[in-house]
Amino acid sequence: SDTYNSYPFGVLRIVEYPKYTVMAEAFPGFIPVSEGIGFVARKEPDQVDALARLVAHETAHQWFPHIVPTAEARGMFFLTETLVQHVALKVMKQRHTSQEIREYLETQIQDYFHMRGRHNKAEAALARTDFAYHVAYRKGLMVMHCLEQLMGETRLNAALRSYSQRFAMGGNGFAVSSDLIQELYEHAPAESRVLLSELLEKITWYDNRLVSAEMNRETIKLTVETRKFLATDDGVEVSVGVQLPIEVALFDKQGQEIIR
């Protein structure tokens with residue numbers, strides 16, 4: 001409510017139902033959760049709290065799309081599932097260490113590439129995706145995390161707040177993906193707009209490899225190989241030059257950052 005716009009439904013109920021199916025779903029003010037995935041959940045040490053993530057995800061659906069309705073058009077899952085994934089991750093960051101979040105994000109990007117390789121349709125850009133699970137959920141989560149790093153949390157929240165208040169309760173019709181992209185462009189620093197376009201409106205991925213590492217008491221020398229690819233909607237991948245800087249970080253065995 002403080003970040004986007006006020007919650008209008010007065011009450012939010014989370015209701016258990018028998019294990020006829022294993023899923024949860026969000027309705028305005030009401031979230032049914034199967035006993036198979038929620039009420040008998042057990043969190044293992046050092047793992048992301050899947051139940052908290054699930055509840056955060058479904059609660060975020062109260063805003064996207066119940067408060068901020070979207071048109072049934074290509075890109076609608078960017079405006080719903082991707083934004084909901086982003087909100088759920090923000091909740092998880094309050095409950096877990098940076099190392100746990102980093103490991104969780106690594107599994108998400110690995111799942112994306114694994115599912116991408118098995119998907120039987122050519123991938124669409126995130127802003128035009130239909131219900132391709134690996135794009136709207138997995139890739140979308142990573143893209144929003146990247147945008148937060150590029151724009152800063154304050155700017156990104158401001159863009160999402162402007163978007164959500166503009167279309168709250170259908171006051172300006174049903175939103176489409178270009179409406180959110182416009183807000184992101186307006187709030188993003190000029191130097192990040194090229195990458196913003198690549199992340200949302202194109203299919204872009206990088207192949208980054210650490211070739212060698214040398215260290216002594218005074219210096220650390222890393223040799224890094226990187227390649228960049230653009231893919232068309234029909235699945236053709238083309239190698240292109242890398243024009244933007246790539247951030248490199250060094251971590252110890254416990255996953256703690258040493259230098260960036």
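Since the structure is predicted, the reported quantities are computational estimates derived from the model, not experimental observations.
- Residues in residues 215-245 take part in these ring-ring contact (aromatic ring centres under 6.0 Å, His included) pairs, two or more places apart or across chains: W205-F229.
- I258 contributes atom CD1, which lies 5.0 Å from atom CG of D252 (distance to the nearest 0.5 angstrom).
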Which pairs of donor and acceptor atoms, one on a side chain in residues 241-249, lie under 3.5 Å apart (sequence neighbours left out)?
residue : atom : partner : partner atom : Å
Q243    : OE1  : K228    : NZ           : 3.4
Q243    : NE2  : G241    : O            : 3.1
E247    : OE1  : R260    : NH1          : 2.8

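- Surrounding CZ of R193 are more than 12 heavy atoms belonging to other residues, nucleotides or ligands, all under 6.0 Å away.
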message: Run V33 and L54 through side chain to side chain contact (heavy atoms under 4.5 Å, CB included) and show every step you take.
response: CA-CA 9 Å; V33 180; L54 170 71; 4.0 Å; yes
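- With a 6.0 Å radius and a threshold of 12 heavy atoms from other residues, nucleotides or ligands, N216 has its CG atom above the threshold.
- Residues V84 and F9 share a single hydrophobic cluster, defined by chaining ILVMFWY side chains whose heavy atoms lie under 4.5 Å apart.
- Using modelled atom types, one finds a donor on one side chain and an acceptor on the other under 3.5 Å when comparing T226 with N208.
- With sequence neighbours left out, the salt bridge (charged side-chain N to carboxylate O under 4.0 Å, His left out) criterion links R116 to E123, E237.
- For K19, the NZ atom sits in a loose shell: 12 or fewer heavy atoms of surrounding residues, nucleotides or ligands are nearer than 6.0 Å.
- In terms of heavy-atom proximity, A71 sits nearest to F174 at N-CB, 3.5 Å.
- Cluster membership for L126 and L184, using ILVMFWY side-chain heavy atoms within less than 4.5 angstrom, is shared.
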message: Is there a side chain to side chain contact (heavy atoms under 4.5 Å, CB included) between E183 and R166? Walk through the geometry before answering.
response: CA-CA 10 Å; E183 294 288 353; R166 178 182 169 194; 3.9 Å; yes
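- Using modelled atom types and a 3.5 Å distance limit, the side chains of Q99 and E103 yield a donor-acceptor pair.
- Take H86 and apply the side chain to side chain donor-acceptor pair (under 3.5 Å) test, not counting sequence neighbours, and it matches no residue.
- Between the side chains of H61 and E25, no donor-acceptor pair of N or O atoms lies under 3.5 Å.
- Side chain of N157 to main chain of T154: no donor-acceptor pair is present (N/O by atom type, distance under 3.5 Å, no hydrogens or angles).
- Between the side chain of Q62 and the main chain of G29, a donor-acceptor pair closer than 3.5 Å is present.
- In the hydrophobic clustering of this structure, L83 groups with F167; members are Ile, Leu, Val, Met, Phe, Trp, Tyr whose side-chain heavy atoms approach within less than 4.5 Å, directly or through other members.
- Evaluation of the side chain to side chain contact (heavy atoms under 4.5 Å, CB included) rule for T59 yields L12, I31, V55, W63 as partners, not counting sequence neighbours.
- Note that CG of L195 is 8.0 Å distant from OG1 of T204, once rounded to the nearest 0.5 Å.
- Side chain of N5 to main chain of S164: a donor-acceptor pair is present (N/O by atom type, distance under 3.5 Å, no hydrogens or angles).
- Here CD of Q182 is found 11.5 Å from OG of S177. Values are rounded to the nearest 0.5 Å.
- Taking CG from L160 and OH from Y4, the interatomic distance works out to 5.0 Å, rounded to the nearest 0.5 Å.
- Between atom CG of residue L196 and atom NE2 of residue H187 there is a gap of 12.5 Å, rounded to the nearest 0.5 Å.
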message: Assess the residue pair I181 and E201 against the criterion (side chain to side chain contact (heavy atoms under 4.5 Å, CB included)); give the C-alpha distance rounded to whole Å, side-chain angles, the decisive distance to 0.1 Å, and a yes or no.
response: CA-CA 9 Å; I181 290 174; E201 300 175 293; 4.1 Å; yes
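- Looking at T80, its side chain does come within 3.5 Å of a backbone N or O of M76 through a donor-acceptor pair.
- Contact of the E106 side chain with the I101 side chain is not registered, since no non-hydrogen atoms from C-beta on lie closer than 4.5 Å.
- Taking all atoms of both residues into account, the shortest heavy-atom contact from H145 to L89 is ND1-CD2, 4.1 Å.
- Grouping the Ile, Leu, Val, Met, Phe, Trp and Tyr side chains by contacts below 4.5 angstrom, directly or via other members, places L156 with Y185.
- Looking at heavy atoms from C-beta onward, H96 lies in side-chain contact with D49 at the 4.5 angstrom threshold.
- Under the 3.5 Å distance criterion, the side-chain polar atoms of R227 are left unmatched by any main-chain donor or acceptor of D207.
- A pairwise comparison of heavy atoms in M92 and A52 identifies SD-C, 4.2 Å as the closest pair.
- In terms of heavy atoms, S34 sits closest to T21 at OG-O, 2.6 Å.
- Checked by atom type and distance alone, the side chain of S1 pairs as donor or acceptor with a backbone atom of Y7 at under 3.5 Å.
- For Y104, the OH atom sits in a packed shell: over 12 heavy atoms of surrounding residues, nucleotides or ligands are nearer than 6.0 Å.
- Heavy atoms only, all atoms of each residue included: M169 and H66 are closest at SD-O, 4.4 Å.
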ring-ring contact (aromatic ring centres under 6.0 Å, His included) between Y137 and Y112, worked out: CA-CA 9 Å; Y137 286 76; Y112 161 69; over 10 Å; no
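- L147 and Y163 fall within the same hydrophobic cluster, where Ile, Leu, Val, Met, Phe, Trp and Tyr residues are linked whenever their side-chain heavy atoms come under 4.5 Å apart, directly or through other members.
- Within the 3.5 Å criterion, the main-chain N or O of V194 finds no donor-acceptor partner in the side chain of S197.
- With sequence neighbours excluded, the residues satisfying side chain to side chain contact (heavy atoms under 4.5 Å, CB included) with P189 are M151, R155, E191, S192.
- Taking both residues in full, the closest heavy atoms of A125 and L200 are given as CB-O, 3.6 Å, listed atom of the first, atom of the second, then distance.
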